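Notes for the one structure printed next.
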Amino acid sequence: MLAALSGFCRSTTVARLAATATVSGLVAAGVLSGAGTAAADVAPQTEGGASAALDGLKIFGEAVVHEAGGDQRVSAGLFEMSVDGGGTLQTYGVDLHSPVQRDARYQETSWSGTSLGTNRDAGKIDWIVQHSYPQVNDLAELAHRAGVGSLTEQDAATGTQVAIWRYSDHIKVDAVAPGAEKLADYLQRSARAGGEPGASLTLDPAAVSGRPGSVVGPVTVHTNAGAVAVIPPADAATSGVRITDKTGKALTTAKNGSRIYFDIPEDAADGSAQLSVQASTTVPVGRALASDSRSQTQILAGSSESAVSASATADWAAQGAIPAVSARKDCAKGTVDITAVDKGDQPFTFSLMGTEHTVPAGATRTVPVSLQEDQGYDFTITGPNGFTRRFTGVLDCRIQGTIVSKAAAQTVGEPTPLTTPTPDDTDLAATGGSAVTPVIAGAAIGLVVIGGAVLVVLRKREQPGE
């Protein structure tokens with residue numbers, strides 16, 4: 001059957017840390033070396049933005065995929081996801097042949113970390129979601145544009161998904177319903193290349209470092225929200241670490257472009273801290289959503305007011321190497337890139353995948369770790385005095401390209417349970433979502449955590465410095 005529903009140490013000398021990367025399916029061993037003191041045990045795992053769980057395929061019809069192995073009937077349409085903290089997302093799939101797993105966890109991400117990053121037609125896919133259902137919720141108008149008498153929601157969702165597949169998977173696929181097929185043809189003909197939409201909320205960089213008695217940073221806020229709440233480190237009251245602007249003024253809110261700093265007390269012992277920012281906003285249409293469970297990558301087609309968040313860490317030490325370390329997937333190269341910045345007065349030397357690397361004092365080095373497609377990774381970076389950081393994920397950068405098996409069409413296109421599928425247990429293809437409008441009415445009522453906490457904080461707390 002076919003399934004379509006798929007964040008160093010500090011030291012007084014040049015130092016050594018150890019890390020082992022355990023990879024699901026295949027094992028890649030790596031070592032990061034240095035000396036350091038106790039640090040936060042969790043580094044930022046994502047770029048930030050919306051985190052959500054897949055609810056299922058909500059509005060869909062049937063399509064036929066034509067490949068060398070024969071024709072395959074599949075379900076095609078619009079998915080719905082529930083956002084952590086409140087909100088709803090509507091999405092379409094961008095990898096027909098990969099499984100979509102029920103209740104799979106998804107994270108908003110940049111195109112570069114998905115198959116869209118290497119797809120020359122990603123901009124056209126973005127055009128389609130911007131100019132079709134549910135962004136165009138007037139079905140009569142959409143039917144007029146497509147040159148068809150009328151369209152149902154099922155036709156609109158099916159035709160949109162079919163048009164997306166033609167560019168995401170570069171395959172021959174037709175909608176079964178005539179109206180849906182005409183819509184797919186119209187969208188395919190009309191699509192024009194565009195740019196990647198910005199993130200709903202992210203912090204850059206995700207890791208910084210420096211000396212006690214100074215402000216460490218900056219970390220820049222990138223968001224489409226009007227304002228974000230700044231959440232200080234959990235132990236701020238005891239550690240004395242403050243979150244400020246560059247002048248040392250305490251920040252409780254920030255906005256797009258704000259530059260945030262960690263103000264470290266002069267007498268602070270070598271250590272680490274983490275801040276987070278939170279907001280409520282609509283996630284930009286065209287953003288990618290990826291899962292570390294190998295569930296099919298999705299592209300956003302609609303968003304209610306939704307909870308979004310991001311985090312960043314700071315490390316500090318009185319002397320020696322003072323690294324900040326982060327990781328990011330790069331699908332164009334098929335790598336996870338480990339970036340180390342040394343803000344200390346001595347070089348930072350580390351070993352990764354059997355090779356030693358040295359970052360001079362005041363410099364930055366990025367080390368790409370090559371992985372195979374669909375290869376899981378779990379880098380745990382440890383060092384003296386309790387230092388530990390972990391980066392986990394799956395390198396899911398390419399479409400599958402072939403039908404894994406054949407089966408008759410099923411009547412309800414629901415994703416498979418959250419398991420790692422094999423060629424013998426994957427379901428019939430299904431991609432689609434909900435019958436709600438682009439900004440889903442009433443979803444803001446469910447934003448109890450973000451709407452009730454963050455928005456009140458934003459009204460009451462002081463405004464940020466720049």
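All values derive from a computational prediction rather than experimental measurement.
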I243 side chain near F262 side chain, heavy-atom distance below 4.5 Å: yes
Would the distance check show the side chain of Y167 and the main-chain N or O of Q188 forming a donor-acceptor pair, the cut-off being under 3.5 Å? yes
Between CG on residue L275 and OG1 on residue T313, distance to nearest 0.5 Å: 8.5 Å
Quick check: do V176 and V64 have side-chain heavy atoms less than 4.5 Å from each other? yes
Taking every non-hydrogen atom, the tightest pair across G286 and W111: O-NE1, 3.0 Å
Testing the basics here: between A312 and P205, what is the closest heavy-atom pair and its distance to 0.1 Å? CB-O, 4.1 Å
Between G93 and I164, which heavy-atom pair has the shortest distance, and what is it? O-CG2, 3.6 Å
Apply the test side-chain contact (heavy atoms from CB on, under 4.5 Å) to residues V148 and L183: give CA-CA distance (whole Å), side-chain angles for both, the deciding distance (0.1 Å), then the verdict. CA-CA 8 Å; V148 60; L183 175 61; 5.9 Å; no
Kindly compute the distance separating CD (Q298) from OH (Y92), expressed to the nearest 0.5 Å. 11.0 Å
Name all residues meeting the side-chain hydrogen bond (donor to acceptor under 3.5 Å, both in side chains) criterion together with D121; count only those two or more places apart in sequence or in a different chain, and write none if there are none. H170
Is a side-chain N or O of E181 found less than 3.5 angstrom from the main chain of A175, in a donor-acceptor match? yes
So I260 and V277, side-chain contact (heavy atoms from CB on, under 4.5 Å) or not? Walk me through it. CA-CA 10 Å; I260 301 176; V277 292; 4.2 Å; yes
Say whether D337 and T366, considering side chains only, have a donor N or O and an acceptor N or O under 3.5 Å apart. no
Could you pull out the closest heavy-atom pair between A225 and A279, with the gap in Å? CB-CB, 3.9 Å
Measuring only between side-chain heavy atoms, which start at C-beta, is Y106 closer than 4.5 Å to S293? no
Does some side-chain heavy atom of Y186 sit less than 4.5 Å from a side-chain heavy atom of S132? no
Are the side chains of I171 and H97 in contact, using a 4.5 Å heavy-atom criterion? yes
So S168 and L96, do their side chains get closer than 4.5 Å, heavy atoms only? no
Answer with yes or no whether the side chains of D155 and T152 bring together a donor and an acceptor at under 3.5 Å. yes
Residues S309 and L201: closest non-hydrogen pair is CA-CD2, 3.6 Å
Any side-chain to backbone donor/acceptor pair from W127 onto L187? Under 3.5 Å, distance only. no
T91 vs L300, test: side-chain contact (heavy atoms from CB on, under 4.5 Å). Steps then yes/no. CA-CA 4 Å; T91 64; L300 188 69; 4.0 Å; yes
Hey, are the side chains of D330 and P368 touching, using non-hydrogen atoms and a 4.5 Å cut-off? no
With side-chain contact (heavy atoms from CB on, under 4.5 Å) as the criterion, how do V359 and V341 come out once you've worked through the C-alpha distance, each side chain's angles and the decisive distance to 0.1 Å? CA-CA 7 Å; V359 183; V341 181; over 6 Å; no
Does D315 use its side chain to pair, donor to acceptor, with the backbone of I322 at less than 3.5 Å? no
Taking NZ, NE, NH1 and NH2 as the nitrogens, is one of them in K329 or D292 under 4.0 Å from a carboxylate oxygen of the other? yes
Interatomic spacing from NE2 in H222 to OG in S258 - rounded to 0.5 Å: 10.5 Å
Donor-acceptor pair, distance only, cut-off 3.5 Å: does the side chain of T202 make one with the backbone of E47? yes
What is the minimum heavy-atom distance between R105 and A53, and which atoms define it? NH1-CB, 3.3 Å
Say you draw a straight line from OG1 of T160 to CD of Q135; how long is it, rounded to the nearest 0.5 Å? 11.0 Å
Quick one: does Q90's side chain have a donor or acceptor within less than 3.5 Å of a partner on P134's backbone? no
Between D185 and R166, does any NZ, NE, NH1 or NH2 come within less than 4.0 Å of an OD or OE carboxylate oxygen? yes
Using a distance-only test with no angle check, is there a side-chain donor-acceptor pair under 3.5 angstrom linking R328 and S110? yes
Report yes if some heavy atom in the side chain of M81 is under 4.5 Å from a heavy atom in the side chain of T88; otherwise report no. no
Once rounded to the nearest 0.5 Å, what's the spacing between atom NE2 of H144 and atom CG of L139? 14.5 Å
Using atom types as modelled and distance alone, determine if a side-chain donor or acceptor of T223 lies under 3.5 Å from a backbone N or O of S200. yes
Inter-residue atom distance T114.OG1 - I299.CD1, 0.5 Å rounding: 8.5 Å
Please check: side-chain N/O of D342 versus main-chain N/O of A363, any donor-acceptor pairing under 3.5 Å? no
Under 3.5 Å, is there a donor-acceptor pair linking the side chains of S51 and Q107? yes
So, does E62 use its side chain to make a donor-acceptor pair with the main chain of A177 at under 3.5 Å? no
Counting only heavy atoms not in K343, do more than 12 sit closer than 6.0 Å to its NZ atom? no
Hey, does the side chain of Q278 reach the backbone of A307 with a donor-acceptor pair shorter than 3.5 angstrom? no
